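Below is one structure, written out as structure tokens; the observations come after it.
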Amino acid sequence: MTDSIAPVDLRCEYLVDPLGIDVAWPRLSWVLDGEGRGLRQTAHQIVAASHPDRLAAEAGDLWDSGKVLGSESAHVVYGGSPLGSRQRVWWTVRVWDQNGAASPFSPPACWEMGLLQPDDWRGSWIGLRRADEARRPAPDLPPGARRDLAELDLPPCPYLRTTFALPRPVRRARLYATARGVYELRLNGRRAGDAVLAPGWTDYGHRIQYQTYDVSDLLSAGDNALGAILGTGWYAGYIGWHGENKHYGVRPELLVHLIVEHDDGSTTTVVSDESWRVATGPIRYSDLLMGESYDARAELPGWDLPGYDDRGWQPVTAEPRDDVLLVADRAEPVRVIAELPPRSIAQRPPDLAIVDLGQNITGWVRLRVRGPAGTTVRLRFGERLNPDGTLYIENMRTAHQTDFYTLRGGDDETYEPRFTFHGFQYVEVTGYPGELTTDAITGRVVGSDLPTTGDFRCSNDMVNQLQRNIVWGQRGNFLSVPTDCPQRDERLGWLGDAQVFVRTSCFNAAAAPFWTKWLTDVADARSPEGAFPDVAPRLIVTTDGAPAWGNAGVIVPWTLYQCYGDRRLIEEHYEAMAAWLTYLQDANPDLLWTNRRGNDYGDWLAVGESTPKDLIGTAFFAQDARLLARMARAIGRTDDGARYDDLFARITSAFRAAYVDDTGRVAGDSQTAYALALAMDLLPSALRPAAARHLVANIARHDWHLTTGFVGVSHLCPVLTEAGYGDVAYRLLLNETFPSWGYMIARGATTMWERWDGWTEERGFQTPQMNSFNHYAFGAIGDWLYRYVAGIDLDPDRPGYEHVVVRPFPGGGLTHAGASYRSVRGLVASEWRRDGDTFLLTATIPANSTATVLVPTTSPASVTLVDEPTSTDDPSAPTVVGSDDERVTFGVGSGRYLFRSTLTQSAAGRGG
Ligand code: BGC
């Protein structure tokens, strides 16, 4: 155990050594290594330089912050000389601890700016001219294709190439690339980077992301070749259920800018222009929803190497760059993030096999095959099987999600598709030559590659499975944008689902860059009147945001501010949030959200009862005002804070007058009505206990089951627990009868279902019109698992885990539970164990944070800190700051603390 601190895990804009960022004044963060108690940073110094050698000499030619007093270790804004395009910055930081002792400077970290000016880009958009854009002949369909596939517009993927000579050895090289569509880049026969489905989805008419690759090792003096394969992607491929493609443009196009720096400081630049050549090859088509068809007989061996004979290729079309915004990709790319071997393969003669991965995933498969040239293997993907063991695909609606591979013949061949993705647990393989064995097919899991930050586990296996399902749902639906589902013809960035799940997602993964990017999509999707949309990017569903959907425009920035202490996001979205509130107020002068409710989904997919839609709207309207008041104050706009507080108070009065009676009954008398009223603080305090009793009575009437849909689900267990009915919350958690999380799991769910009744004994599958088995929204219970079961929470007034709250609510017969979370300040953990009437709680608080630890007990006098610190005059020693019949509260500094208390088994809250 060390008693001092050292800065580690240096990050710029949340990322480790990012390349190609376009934030003019990037923010720097570090975590403090040190396991002793009461460790604090009292000052820091950052030095930034244009070369690491200068850092070693502690001479920052770009910036020396000097010694800055304070504990700030996250989001420190770079304050040096302004930075130009492609500038590389090296930086280091040292800190002073609670005793005034300085750490050494950290090992250097770096970041590199991207292409900041539109004029930095010199290339054109290049692509393949299609003979007849409007009336193309039906695609060359492989055997086994459904007939309606022939009616689709599925163009072949263009292969583009250029060659260039480099006069001198290469010191470093950067490839800036993007596409209207999706791309894969090749340099001298090797892949540039490992991103898939780049550049990701944005509103292409307005903003397109570019990626930056370090390709120094892929180039050398002499002849070089640069190639690209393009797919239609979100730009020109099928999206949504209207059966339409070409939402943003008619054909995919590439834009690249390669800058090679030589050993003598000279540079060579290669851009996409009319000198490139293009051909089509083995990829007959590759579409996000429909799948891919690959004919290996049409491969173009060596096409991405310098010596290739491309005389048979055509010239590309080249269009000058328009004024669309080219922005640096600021989040982790989509990648293949895991592989899964099949759990089993069922052979179904004569030529069909059903592969079970044992896990519902998003991605595709890699297939190994050997057989005669021209043999076509068909791969169809589904989430479930029919009772007779055949693949259930009806819930895909118009999405084919089918891949075809036609063999070149000869040796073993390996295939995986490029520009599609599927949601599936099962693969139906038709036409495979010979017997398909488990080593010949592998699940490839695809998604935005967010580092894992959280982990929850407990003594109940079903709950552990629930946590795994939540994580798989997150992985499967975080794919460039937060999607509702990865399989059917939808896959849209629904705002309602997002606001429900955002908090849970931030526990499981380092999600800030991902959400930050999507908030830009939300901003781009605002209406001229200031309405947030239902989906972002705004496409297919073009309506203004409905209650609990549009409100994500306020809830997501608030949640990120809470979880990461990110104030800049508030600043960036403040005007939009304020405009949204004005938009609501203008249409609803009496402060009940009765007008402008858009598609008004209500408590979407509730079971057995409904909640008045105007009540839902008004509750979210009020919450927006309250959150915006707090965000206004967080960025120093105190007048606005007061104004929005006042608005909140007025909406609350209107809510009470319209929906609350003097016995605490809320209109609709539904679980969601009570959950919202309690969670959003809309009731007079005197009526809160009565409202909670009505909620519990409702749950009892439903035989202790939930009825909530998307809107109520995230609030239900938290409000029950806060109101003293933790036992009821646990009952809902642990139910295995319908409707419940346990019911899905007992029926083999490995992800969250869209609907509580996605499949039931009585009726089998719900209507295929809308029945996904991989929707993350009901996974919002994950937030309750971390915050209430394990007990890791934060202090809203000192967000970003600057001050941690550890407050477990043991119950449900669990004998242990725990969670750990890598916050922006370092590792936070809470772990508890029950042994008879003894309760043991271990709390871990990162250096430079403080915490309030609430130890549950039935006997306050029994609570002890097991391992007292050695020195009694230690100012950081834990102190008791409060005590009541149910808990003893400690204030602690950083470190690890073990508390013991007496907690009799019968004490599990009221009700139930
Ligand atoms: C989506 C949902 C979405 C909803 C809006 C569905 O089709 O899958 O997740 O929030 O529509 O009602």
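Every number for a ligand or one of its atoms is a count from 1 in the order of the listing. If you're wondering where the values come from, they're calculated on a predicted model, not measured in any experiment.
- Protein heavy atom closest to atom 3 (C) of ligand 1, with residue, atom name and distance, is Trp494 CD2, 3.3 Å.
- Heavy-atom contacts of Phe710 reach the following atoms of ligand 1: 9 (O), 10 (O) (cutoff under 4.0 Å).
- The pair Arg526-Glu575 does not meet the salt-bridge criterion, since no charged nitrogen lies less than 4.0 angstrom from a carboxylate oxygen.
- Backbone and side-chain nitrogen or oxygen atoms of Glu490 are examined, and one is located within less than 3.5 angstrom of a nitrogen or oxygen of ligand 1.
- In this structure, the protein non-hydrogen atom closest to atom 4 (C) of ligand 1 is Trp604 NE1, 3.5 Å.
- Separation of the Phe710 and Phe778 ring centroids falls under the 6.0 Å cut-off.
- Checked against the 6.0 Å centroid criterion, the rings of Tyr601 and Trp494 qualify as a close aromatic pair.
- For the pair Arg755 and Trp753, the NZ or CZ position fails the cation-pi test of under 6.0 Å to the six-membered ring centre and within 45 degrees of the ring normal.
- Ranked by closest heavy atom to atom 10 (O) of ligand 1, the top entry among Val541, Asp497, Asp484 is Asp497.
- Near Tyr601, with a cut-off below 4.0 Å to any heavy atom, the atoms of ligand 1 are 5 (C), 12 (O).
- Residue Met396 comes nearest to Phe381 through the heavy atom pair CE-O, 4.0 Å, listed as atom of the first residue, atom of the second, then distance.
- A salt bridge is absent between Arg763 and Asp757; no separation between the charged side-chain nitrogens and carboxylate oxygens falls under 4.0 Å.
- Distances below 4.0 Å separate heavy atoms of Glu754 from the following atoms of ligand 1: 8 (O).
- Between Arg755 and ligand 1 there is no heavy-atom distance shorter than 4.0 Å.
- Note on Asp403 versus Arg418: no salt bridge recorded, every NZ/NE/NH1/NH2 to OD/OE distance being 4.0 Å or above.
- Neither the backbone nor the side chain of Gln769 comes within 4.0 Å of ligand 1, counting heavy atoms alone.
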